[in-house]
Amino acid sequence: MLSVHSSPVGQLGTKDTGGMSVYVQELARELGKRGHRVDVFTRAHDQVDDRIVTLGKGARVIHLGAGEAAGMHKLAIYSHLDDFASNLEAFRRRSGIGYDLIHSHYWLSGWAGRWLQRWWGVPHVTMFHTLGAAKNGTGVGEREPELRIRIEENLVRNCHRTIAATKRERDELINLYDAPAESISVIPCGVNLDLFQPVDKRKARRQLGLDGNGVVLFVGRMEPSKGIDRLLMAMTRLEQKLDVRLVIVGGDGPGEPEADRLRRLSRELGIEDSVTFVGTISQKELPLYYSAADACAIPSYYESFGLVALEALACGTPLVATRVGCIESVVREGESGCVVADNSPRRLADAIGALLSKADAGAETATSIRATVTAFSWANIAAAMIEEYESVIADYRAKAG
Ligand code: UDP
């Protein structure tokens with residue numbers, strides 16, 4: 001697997017490290033458990049990166065040098081992809097390994113994978129995780145460069161299979177990139193059901209020091225496309241009627257201008273006493289937060305899938321979410337949450353208010369909400385992926401004669 005710009009063992013919730021890192025790590029580990037051997041190659045991000053990190057049986061992450069180790073913008077990595085591919089090939093030769101298939105994640109990895117695919121004569125499966133053209137379509141956040149869009153277009157035509165995480169992503173690939181429909185397979189993302197389990201709400205709140213208010217939770221990287229500002233604005237409406245606290249978990253480190261902007265906004269809106277910025281935490285701590293919340297809010301303008309949705313539901317917490325990523329296919333309206341037409345503060349506030357008014361539904365409800373996502377175990381996702389790999393390899397070998 002290739003995950004050039006974002007390390008699968010990097011700190012989650014920071015700028016470039018989120019759902020894709022979780023995906024790569026969980027999938028690699030699950031494939032390893034099933035007897036496959038998976039090497040995930042990523043760029044060494046700082047001097048202390050261990051060169052090789054074991055993820056589990058048969059699965060490891062290998063850090064390769066390519067460009068300056070620290071502080072390089074994602075886009076600058078493009079100019080070092082040839083180095084990355086050459087270093088990977090040198091590693092492969094030294095280790096005497098032959099790979100049967102390449103699975104690349106994100107357009108930068110896809111582009112590096114193109115070289116390797118040709119050198120090795122093996123099939124290349126790609127997965128974009130986010131699409132530049134779809135992101136630009138929202139008009140929010142940094143504009144994605146034309147280069148990225150051209151490369152995504154090229155990859156979707158030339159790779160042997162593209163994995164889309166949702167039907168929506170499949171449609172975007174077809175409509176925005178003119179992708180050949182037959183080259184796309186839809187396989188959803190998964191959730192670690194052993195880790196994400198409901199904890200008694202009162203106990204979770206006690207442990208986190210949260211009081212008796214209604215609790216609304218946001219979890220994710222701090223990016224304009226996540227729509228956190230809309231959620232803050234919704235809070236001003238909610239606050240007028242309810243005793244409510246918004247807890248924001250995720251990237252809040254130095255050099256994250258979005259975090260500063262959001263703190264400033266909460267002060268300007270006069271709601272700073274009702275908002276807690278927790279900062280980045282490890283996934284191990286997240287079940288407590290999900291379980292303590294009456295609702296998990298996903299006010300995003302865009303998500304390619306949205307792992308946070310599955311994690312909240314696996315902990316028995318209902319969602320209030322916009323129509324992005326997996327949302328419409330996982331939320332059962334009125335049962336496990338509410339899908340809002342857009343992230344206008346009024347819509348968000350109305351939906352959250354309605355959920356809070358029937359909060360404290362108890363352990364039984366948490367169990368039934370969790371039951372709606374148990375099919376998304378990583379074991380199931382890896383089984384589907386293995387079938388896909390086998391079919392791609394068979395097609396490739398048949399064509400090669
Ligand atoms: N996450 C985390 N700690 C944080 C914030 C986020 O572990 O402080 C994890 C979260 O559990 C989820 C991932 O980061 O698995 C975010 O994935 P999602 O698909 O929701 O968003 P993306 O990062 O892909 O935009």
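Hydrogens, waters and symmetry mates play no part in the numbers below; they use all other heavy atoms, side chains included. When a ligand or atom number is given, it counts from 1 through the structure's own listing order.
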Determine which pairs satisfy side chain to side chain donor-acceptor pair (under 3.5 Å) with at least one residue from residues 283-292, sequence neighbours left out, and list them in order. Gln283-Glu311, Tyr290-Glu311

Backbone N or O of Asp342 within a donor-acceptor pair of the Arg230 side chain at under 3.5 Å? no

Describe, in one word, how the ring planes of Phe128 and Tyr177 are oriented to each other, choosing from parallel (under 30°), tilted (30 to 60°) and perpendicular (over 60°). parallel

Salt-bridge contact Arg264-Asp229 (side-chain N to carboxylate O under 4.0 Å): no

Between the protein and ligand 1, which nitrogen or oxygen pairs come in under 3.5 Å, and how far apart is each?
{"residue": "ligand 1", "atom": "3 (N)", "partner": "Ile281", "partner atom": "O", "Å": "2.7"}
{"residue": "ligand 1", "atom": "8 (O)", "partner": "Ile281", "partner atom": "N", "Å": "3.0"}
{"residue": "ligand 1", "atom": "8 (O)", "partner": "Ile281", "partner atom": "O", "Å": "3.3"}
{"residue": "ligand 1", "atom": "11 (O)", "partner": "Gln283", "partner atom": "NE2", "Å": "2.9"}
{"residue": "ligand 1", "atom": "11 (O)", "partner": "Glu311", "partner atom": "OE1", "Å": "2.7"}
{"residue": "ligand 1", "atom": "11 (O)", "partner": "Glu311", "partner atom": "OE2", "Å": "3.2"}
{"residue": "ligand 1", "atom": "15 (O)", "partner": "Gln283", "partner atom": "NE2", "Å": "3.0"}
{"residue": "ligand 1", "atom": "15 (O)", "partner": "Glu311", "partner atom": "OE2", "Å": "2.5"}
{"residue": "ligand 1", "atom": "17 (O)", "partner": "Gly19", "partner atom": "N", "Å": "3.2"}
{"residue": "ligand 1", "atom": "19 (O)", "partner": "Leu307", "partner atom": "N", "Å": "2.8"}
{"residue": "ligand 1", "atom": "20 (O)", "partner": "Leu307", "partner atom": "N", "Å": "3.3"}
{"residue": "ligand 1", "atom": "20 (O)", "partner": "Val308", "partner atom": "N", "Å": "3.1"}
{"residue": "ligand 1", "atom": "21 (O)", "partner": "Lys226", "partner atom": "NZ", "Å": "3.1"}
{"residue": "ligand 1", "atom": "23 (O)", "partner": "Gly19", "partner atom": "N", "Å": "2.9"}
{"residue": "ligand 1", "atom": "23 (O)", "partner": "Arg221", "partner atom": "NE", "Å": "2.8"}
{"residue": "ligand 1", "atom": "24 (O)", "partner": "Gly19", "partner atom": "N", "Å": "3.2"}
{"residue": "ligand 1", "atom": "25 (O)", "partner": "Arg221", "partner atom": "NH2", "Å": "2.8"}
{"residue": "ligand 1", "atom": "25 (O)", "partner": "Lys226", "partner atom": "NZ", "Å": "2.7"}

Hey, are the side chains of Ser7 and Thr17 touching, using non-hydrogen atoms and a 4.5 Å cut-off? no

Less than 4.0 Å between a side-chain N and a carboxylate O, is that true for Arg92 and Asp39? no

